[in-house]
Amino acid sequence: RHSGLLALKYVVAARPDAAGLLLKPALDIAQTGLQDADDDVRAVAASALLPLAPSLIADGQQEAQSQLHDHLWDILLDSDELSPATGTAMQLLSHTSTAATTAHGGLSDRLSRLLPYFRHTLSSVRRSVLQCLLALLEADPSGAHGWLQGVLSSVLRLVFQNLLQEQEALVAATSRQLWASLLRLVPPAELAAALPCAIIQGFLALGCTPEGASLSLSALLVIAPPQSHRSKAPQQGAPRRGSKSTGSDRDMSPFVVGSSHTFTTLQLRNEAGTALGHLATALGPHAGDLHAETQRRLCTASGHDRIVASITAASCALASAEEASPGSDASDVSAPALLPAETLQLLHTLLVPGSAPAFSELSTPLQRVRALLAALVRQCSEQGVALPALDPPAAGLPDVAAVLGVVQSAAPGGLPASQPLAEASAALAASEAVLATTVSGCVAAAVVAGGPLPAKLNTIIQPLMGSLRKEGEAALQARAARAVATLLQASASRTPSPNNKVVSNICTMACSDPAETPSAAQQDPPLDAVPTDVAAKMDSAADEDPARVAAAIARRGAEAAIQAAAKLFGSQLPQRLPRLWELATAAVLERPPGVPLTSPPTADPQAVINALQVFSAVGPALHESLLAEAARLLPAVGGAACHSRA
């Protein structure tokens with residue numbers, strides 16, 4: 001049976017031109033295979049029909065489609081988690097779903113059969129579940145989606161959990177697509193009914209889970225894997241394939257935040273905040289609970305709470321602006337605020353230096369520094385070393401560097417606690433700087449997205465530029481880049497405008513990576529001076545050099561901001577952001593009057609190098625109307641290639 005259906009599968013796949021002739025006999029044979037007791041037979045029967053799915057829909061045989069779907073849903077009911085037929089059955093369902101499918105009276109009950117497969121061990125099965133639901137959503141012409149009501153809450157929770165756990169790129173992308181479709185197609189009132197306050201709070205709690213901790217089981221929806229209801233007895237004396245396990249051995253332990261090298265803690269925060277921001281927009285007037293929980297998280301001492309809440313606010317504002325007026329400028333002073341006034345006030349307050357509580361994530365290293373400092377004070381007392389007056393612990397840490405300086409002067413050899421204190425203090429300062437960069441960058445991006453900008457922009461510009469320069473997570477750096485571009489657009493008509501200074505600093509960062517931007521002051525080595533394998537080792541070592549890594553991060557952030565600005569300003573880039581256009585072209589075009597562009601430029605060689613670096617960043621994002629003007633630079637670029645230092 002299995003071999004015969006396998007042969008049918010290959011014949012159908014090899015002869016797409018004969019799909020019309022093969023449809024009826026192939027469908028009859030496969031329908032029989034779909035009812036077989038063997039999982040492998042059912043799997044190959046479903047896969048044999050996949051190439052014929054378009055022909056089946058075009059043929060319009062509603063009765064045949066209905067009968068096929070009955071068999072496919074039965075497979076999901078009667079298969080265990082490790083059955084090979086589950087994935088192909090869901091793929092065939094997704095490829096053959098039509099308006100008639102969604103009109104089936106029992107579809108709501110059948111949907112519950114999909115839920116246990118959301119976190120299946122095979123990524124192909126997980127994606128098939130999502131594609132099946134997507135196909136059903138898009139196939140419903142009524143837009144009512146009444147068949148979804150019985151499982152809407154569970155589906156929303158499982159898709160959100162997917163966003164926080166999924167590490168396979170295709171499955172994660174399909175999860176985002178399904179989340180967006182659910183928010184777009186389900187009416188706000190029904191979304192609100194499916195997501196009461198407790199679930200909303202659970203969503204934020206999951207997104208704010210501390211690094212190293214498991215996602216809370218109390219906030220997760222965990223559905224036990226299915227088990228087959230079919231007889232375990234083998235047919236005709238043959239051992240049944242695919243029946244080694246019922247699937248109950250699947251690891252049901254929750255995902256540990258930060259445990260994956262490919263899905264970092266900040267990526268999880270970004271996914272959670274983005275999804276919740278879009279949810280807030282979709283809920284519309286019913287988003288009060290989500291806004292209230294966002295505001296509460298902004299007020300906590302946890303830096304990661306503030307990160308998720310800020311991303312939620314920013315995503316909500318951006319989605320609301322796009323929904324209200326595609327292409328609108330959220331930061332226009334005449335535009336209405338896109339967030340509740342309480343949220344905007346909290347965001348602005350967090351940007352005021354000293355207004356936010358110390359990060360709770362640093363409590364453990366802070367306690368270690370205090371303990372080492374107390375040990376040093378005791379040792380100083382024993383050695384008769386006089387220390388300056390120390391602030392009480394409630395006021396924070398005293399100046400550890402000053403204390404260590406006094407100790408070093410009084411006891412040149414140092415005291416036993418000096419070196420551990422210096423190391424712990426440096427580690428605490430570094431951790432605090434990294435967290436502060438991320439938090440302040442996310443808050444500033446939310447302020448820019450959320451509504452009219454204040455008269456003074458320093459408290460917004462500085463954290464955004466810090467994020468461009470230092471933020472290690474590319475997704476959050478991209479958020480800062482978009483916010484900087486929006487701020488530049490809003491400030492273009494201001495007098496005085498900060499744009500020239502901001503653009504100059506960004507272009508300097510774009511040219512600060514020696515791995516990408518050569519130095520005119522250094523002579524390039526001969527191409528054959530270093531063996532290839534040694535050069536590769538040198539590149540590997542350079543990647544581990546903190547200074548080189550920092551330069552690469554700053555360049556990435558600057559290039560993202562340049563491209564975001566080019567896309568946002570569009571055809572008006574040379575007129576509305578002239579400093580960027582000047583830094584990308586002027587040095588390359590500089591020639592004495594009457595000298596052709598094909599001759600070498602007379603500008604400083606480093607300025608020419610930097611201009612070419614900036615143009616390489618802005619070029620891919622140029623508006624199509626500027627391409628002709630950019631093409632006029634080609635002779636000048638050719639002239640630069642003839643420079644004596646080229």
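Excluded from the calculations below are hydrogen atoms, water molecules and symmetry mates; all remaining heavy atoms, backbone and side chain alike, are included. In this chain, residues are counted from 1 in sequence order.
Just one of Val257, Leu215, Leu268 meets the side chain to side chain contact (heavy atoms under 4.5 Å, CB included) condition when paired with Gln165; it is Leu215. Here the options are Gln477, Glu471, His304, the test is side chain to side chain donor-acceptor pair (under 3.5 Å), and the partner is Thr438; only Glu471 passes. Checked against Leu589 for a side chain to side chain contact (heavy atoms under 4.5 Å, CB included), the options Val608, Leu633, Val637 give a single hit: Leu633.
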For salt bridge (charged side-chain N to carboxylate O under 4.0 Å, His left out), just list the numbers for Arg126 and Glu168, CA-CA rounded to whole Å, side-chain angles, deciding distance to a tenth of an Å, and then say yes or no. CA-CA 10 Å; Arg126 298 198 299 273; Glu168 291 289 339; 5.2 Å; no
Verdict with reasoning, Ser260 to Gln267, per side-chain contact (heavy atoms from CB on, under 4.5 Å): CA-CA 11 Å; Ser260 170; Gln267 286 176 312; over 6 Å; no
For the pair Arg269 and Glu473, evaluate salt bridge (charged side-chain N to carboxylate O under 4.0 Å, His left out) and give the outcome as yes or no after the intermediate values. CA-CA 11 Å; Arg269 311 284 188 228; Glu473 179 53 54; over 6 Å; no
Test Leu191 against His286 for side-chain contact (heavy atoms from CB on, under 4.5 Å), laying out the working first. CA-CA 9 Å; Leu191 282 175; His286 306 280; over 6 Å; no
side-chain contact (heavy atoms from CB on, under 4.5 Å) between Gln563 and Val618, worked out: CA-CA 5 Å; Gln563 293 182 3; Val618 75; over 6 Å; no
Decide yes or no on side-chain contact (heavy atoms from CB on, under 4.5 Å) for Ser431 and Leu435, but give the supporting numbers first. CA-CA 6 Å; Ser431 298; Leu435 189 53; over 6 Å; no
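For the pair Ser497 (side chain) and Ser491 (backbone), a donor-acceptor distance under 3.5 Å is present. Here the side chain of Thr343 pairs no donor or acceptor atom with the backbone of Leu339 at under 3.5 angstrom. Between the side chain of Glu361 and the backbone N or O of Gly303 there is at least one donor-acceptor pair closer than 3.5 Å. Side chain of Arg368 to main chain of Leu428: no donor-acceptor pair is present (N/O by atom type, distance under 3.5 Å, no hydrogens or angles). Formation of a donor-acceptor pair under 3.5 Å by the Glu293 side chain with backbone atoms of Gln201 is not found in this model. With hydrogens and angles ignored, the 3.5 Å screen pairs no side-chain donor or acceptor of Ser425 with any backbone N or O of Leu421. Between the side chain of Ser315 and the main chain of Thr312, no donor-acceptor pair closer than 3.5 Å is present. One N or O on the side chain of Arg306 and one on the backbone of Ala301 form a donor-acceptor pair closer than 3.5 Å. A donor-acceptor distance shorter than 3.5 angstrom exists from the side chain of Thr174 to the backbone of Leu170, with no hydrogens or angles considered. With Gln606 contributing its side chain and Pro518 its backbone, the two residues share a donor-acceptor pair below 3.5 Å.
Looking at residues two or more places apart in sequence or on another chain, you find a side-chain contact (heavy atoms from CB on, under 4.5 Å) between Ser504 and Arg579, Leu583. Ala429 is linked by a side-chain contact (heavy atoms from CB on, under 4.5 Å) to nothing, counting only residues two or more places apart in sequence or in another chain. Looking at residues two or more places apart in sequence or on another chain, you find no side-chain contact (heavy atoms from CB on, under 4.5 Å) involving Ala478.
Among all heavy-atom pairs drawn from Val588 and Ala584, the shortest one is CG2-O, 4.5 Å. For the residue pair Ser571 and Leu626, the shortest heavy atom distance occurs at O-CD2, 3.8 Å. Among all heavy-atom pairs drawn from Val443 and Leu347, the shortest one is CG1-O, 3.4 Å. Among all heavy-atom pairs drawn from Gly212 and Val256, the shortest one is O-CG1, 3.7 Å. Considering every non-hydrogen atom in both Arg479 and Thr274, the closest pair reads NH2-OG1, 2.7 Å. In plain terms, the two heavy atoms of Gly202 and Ala219 that are nearest each other are O-CB, 3.9 Å.
By the 4.5 Å heavy-atom criterion applied to side chains, Leu476 and Cys442 are counted as neighbours. At a threshold of 4.5 Å between non-hydrogen side-chain atoms, the residues Ile461 and Pro498 count as touching. Taking 4.5 Å as the limit, every side-chain heavy atom of Val352 sits out of range of all side-chain heavy atoms of Thr459. Considering only heavy atoms from C-beta on, Val439 comes within 4.5 Å of Phe359 through its side chain. The shortest side-chain heavy-atom distance between Arg494 and Leu457 falls under the 4.5 Å cut-off. Annotation: side chain of Cys316 is in contact with side chain of His291 (closest heavy-atom distance under 4.5 Å). Using a 4.5 Å heavy-atom cutoff, the side chains of Ile307 and Asn270 are not in contact. In this structure, the side chains of Thr517 and Leu612 stay at 4.5 Å or more apart for every pair of heavy atoms.
Relative orientation of the Phe160 and Trp179 rings is tilted, given thresholds of 30° and 60° on the angle between their planes.
Taking CG of Leu221 as the reference point, atom CZ of Phe118 lies at 9.5 Å (rounded to 0.5 Å). Note that CG of Leu163 and OG of Ser175 are 5.5 Å apart. Values are rounded to the nearest 0.5 Å. Remark: Leu183 CG to Leu156 CG distance equals 7.0 Å, nearest 0.5 Å. Atom CG of residue Leu164 and atom CG of residue Leu206 lie 6.0 Å apart, to the nearest 0.5 angstrom. For the atom pair NZ of Lys567 and CZ of Arg482, the computed distance is 10.5 Å after rounding to the nearest 0.5 Å. Between Ile311 atom CD1 and Leu276 atom CG the span is 10.0 Å, to the nearest 0.5 Å.
In Gln575, the CD atom is crowded: over 12 heavy atoms of neighbouring residues, nucleotides or ligands sit closer than 6.0 Å.
There is a side-chain donor-acceptor pair under 3.5 Å between Ser216 and Ser218. In this structure, a donor-acceptor pair under 3.5 Å is absent between the side chains of Asn499 and Arg576. Under 3.5 Å, the side chains of Asn458 and Gln462 contain no donor-acceptor pair of N or O atoms.
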